[in-house]
Amino acid sequence: MTRLAQTEGLTDIQREILSTVRDFVDKEIIPVATELEHRDEYPTKIVEGLKALGVFGLMIPEEYGGLGESLLSYALTVEEIARGWMSVSGIINTHFIVAYMLKQHGTQEQKDYFLPKMAAGEIRGAFSMSEPALGSDVSAISSKGVREGDEYVLNGQKMWLTNGGTSTLVAVLCRTDEGHPEGTAPHKSMTTFLVEKEAGFGEVRPGLTIPGKIDKMGYKGVDTTELIMDGLRIPADRVLGGETGRGFYHMMDGVEVGRVNVAARGCGVAQRAFELGVSYAQQRHTFGKPIAQHQAIQFKLAEMATKVEAAHAMMVNAARKKDSGQRNDLEAGMAKYLASEYCKEVVEDAFRIHGGYGFSKEYEIERLYREAPMLLIGEGTAEIQKMIIGRRLLEEYRIQG
C-alpha cells in the first residue's frame, strides 16, 4: 500500500477487500487501460473479473446475495478502481445508485426481484435524470408518464445515460401529474420508473430506443448514450416504491451516493497522477540531476500530495456520514467539489512534470488529462455543489431573531 490516502479504523474485512481490489487493478486494469481507452472499447474482461470478485454486490444486503458492505467500503473500492481506469468505476457507479435506490425505497417485491440479480451482476443498472434541454435543473424535466389502466405510457428524451447500452435496468425520472393538482411544486410531481430492457443499441424494447454511443473527449470505454421513449409501456408495479410523486426524493438520495462516488473517483485519478508524476520526476534528468531534486518540482510534488490527502479525507468523511444515517448533502457536496477540482489540478501538475512526453499518447498521463474534466461536471457541476453547500451553511448558521 502507498503512503498517501490511507484510512484509519477499517475492519479486517474492509482491508482484505481493498487489498484484493488493488491487486486486481495493478494486474488486470492498469496494464490494459490505456490501450482499451484509445480504442474506446468496453472492458468486458475487466467487468467479468470484478463480477467474480463480488464487486457488483458490494453494498447489496447479504439477504439478497450481496456482501452487505458500507458506503465507505464502496467508496474506497471505487477509489482503487478509478486509480486504474476511471471508466470502470463509472460502470459500477450507476449500477450501485440504482441498487441503493431499490434497497432504500423499493417495494418488497421489487427488492426480491431485482437485488439478487444485481448482486450477481446478471442485471446491470443505469439511472437517468438529465435531458437535452436541461442540465442540473432537474425540476424542468419534460419526459412524462401517463397512467392507462394497469400501465404507464412514457414519452420523452433523456441524455447522458452512463451504461445506456450495456445496462438491462434503467431508473428513469419522469413527470407524472396523476394525483398532483395544477400548481403542485415540480419536484412533487415526479416519479421514478424501473425500466427493464435488452442490452445493446437501437430499439431495445417496444417504445424504447438507445440510439448509440456519444463520442466523448475522455471517459471512453464506458458507453454514454441518449434514451428515447415513444409510447413506452411500463407496468404500474414498476413505479419505484409503488407510489408516484416521490421520484425527485429517490433520485436526490441516490445522487448523494453518486457524489461520494465521484469524489472517490477524483481521489483515485489524483492518486494515480501523483504516482506517475513522482516516478517520472525521479527518472528524468536535467542539468545533471533528476528533476525531482529541483526545488520547483519538489514544491509541485508537495502540493499534489497534500491535495490527494485532503480530498481523500473529505471523501471518507462524507461516506461515513451517510453510513451513520445522517443527512450528508453538505459533506457530499464539499467532497465532490474539492476532490474533482483537486483532481484536475494534480493531473495537470503531473502532466507538466512529464513535459513534452505528457502530450504523447504513449504515456498514461495523457489519458488522465482527458478523463479528469468529466469529474468537474458529473453528478452536478462545481457551481451546483457551491449552491448546495451555501444553502446548507445558511441553514446551519441562520441568525436567530
Side-chain angles (χ1 to χ4, degrees), residues 29-30 33-34 36-41 43 78-79 81-94 129-130 132 134-136 159-164 213-226 255 258-277 300 303-304 307-308 310-312 314-315 332-355 357-361 363-389:
I29 297 183
I30 289 177
T34 297
L36 291 175
E37 196 270 350
H38 286 167
R39 296 203 303 258
D40 198 8
E41 181 178 327
V78 166
E79 183 180 36
I81 293 171
R83 174 182 157 269
W85 185 11
M86 192 185 73
S87 292
V88 179
S89 64
I91 292 169
I92 294 167
N93 179 39
T94 54
M129 290 192 299
S130 188
L134 61 96
S136 299
M159 193 69 175
W160 305 120
L161 182 65
T162 301
N163 285 343
K213 295 198 299 185
I214 297 170
D215 194 17
K216 301 164 299 201
M217 174 178 72
Y219 197 40
K220 293 180 179 288
V222 58
D223 47 291
T224 305
T225 73
E226 297 176 70
V255 164
R259 284 178 178 147
V260 173
N261 172 285
V262 172
R265 283 194 253 179
C267 292
V269 173
Q271 173 74 34
R272 184 59 181 164
F274 174 79
E275 291 172 3
L276 294 171
K300 276 192 187 299
E303 291 169 1
M304 292 161 69
K307 289 173 181 177
V308 168
H312 176 83
M314 291 200 75
M315 178 271 290
M334 285 181 167
K336 190 274 172 187
Y337 168 59
L338 191 80
S340 59
E341 295 291 334
Y342 275 0
C343 174
K344 176 200 69 172
E345 293 170 10
V346 171
V347 167
E348 182 168 330
D349 279 342
F351 175 84
R352 289 172 183 269
I353 287 171
H354 279 74
Y357 288 105
F359 210 62
S360 168
K361 287 193 173 186
Y363 283 74
E364 189 179 343
I365 191 64
E366 178 270 343
R367 170 171 61 83
L368 270 59
Y369 194 76
R370 288 183 290 103
E371 288 178 339
M374 196 287 292
L375 298 172
L376 300 173
I377 54 177
E379 310 296 3
T381 63
E383 289 74 22
I384 287 294
Q385 306 311 318
K386 290 177 185 178
M387 286 174 57
I388 293 168
I389 294 166

Which distance, rounded to the nearest 0.5 Å, do you find between the [atom1] of [X] and the [atom2] of [Y]?
X    : Y    : atom1 : atom2 : value
D223 : N163 : CG    : CG    : 5.5 Å
E364 : T34  : CD    : OG1   : 5.0 Å
Y342 : L375 : OH    : CG    : 15.5 Å
I377 : S340 : CD1   : OG    : 10.5 Å
L368 : M86  : CG    : CE    : 8.5 Å
E345 : E341 : CD    : CD    : 6.5 Å

Using side-chain heavy atoms (C-beta onward) and a distance below 4.5 Å, is [X] in contact with [Y]?
X    : Y    : answer
V222 : T162 : yes
Q271 : H312 : no
D215 : K220 : yes
W160 : I214 : yes
R367 : W85  : yes
I91  : P43  : yes
H354 : L276 : yes

Is the side chain of [X] donor-acceptor paired with the backbone N or O of [Y] at a distance under 3.5 Å, no angle test?
X    : Y    : value
K213 : D40  : yes
Q385 : G380 : yes
K344 : G266 : no
R259 : G333 : no

Minimum-distance pair of heavy atoms, taken over all atoms of [X] and [Y]:
X    : Y    : answer
A339 : A263 : CB-O, 3.5 Å
I353 : K300 : CG1-CD, 4.1 Å
S89  : N261 : O-ND2, 4.2 Å
I30  : G84  : CG1-CA, 3.7 Å
V78  : R265 : CG1-CG, 3.7 Å
A273 : M304 : O-CE, 4.1 Å

Checking salt bridge (charged side-chain N to carboxylate O under 4.0 Å, His left out) for the pair E79/R83: CA distance, chi angles, key distance, verdict? CA-CA 6 Å; E79 183 180 36; R83 174 182 157 269; over 6 Å; no
Stepwise side chain to side chain contact (heavy atoms under 4.5 Å, CB included) test for R272 and I365: CA-CA 9 Å; R272 184 59 181 164; I365 191 64; over 6 Å; no
Decide side chain to side chain contact (heavy atoms under 4.5 Å, CB included) for E371 and E37; before the verdict, give the C-alpha distance in whole Å, the side-chain angles of both, and the deciding distance to 0.1 Å. CA-CA 10 Å; E371 288 178 339; E37 196 270 350; 4.2 Å; yes
Does this structure show an ion pair linking K307 with E303, if we count only N-O contacts that are shorter than 4.0 Å?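 No, this pair does not count.
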Aromatic plane relationship, Y369 with F351 - under 30° parallel, 30 to 60° tilted, over 60° perpendicular: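 Plane angle under 30°, so parallel.
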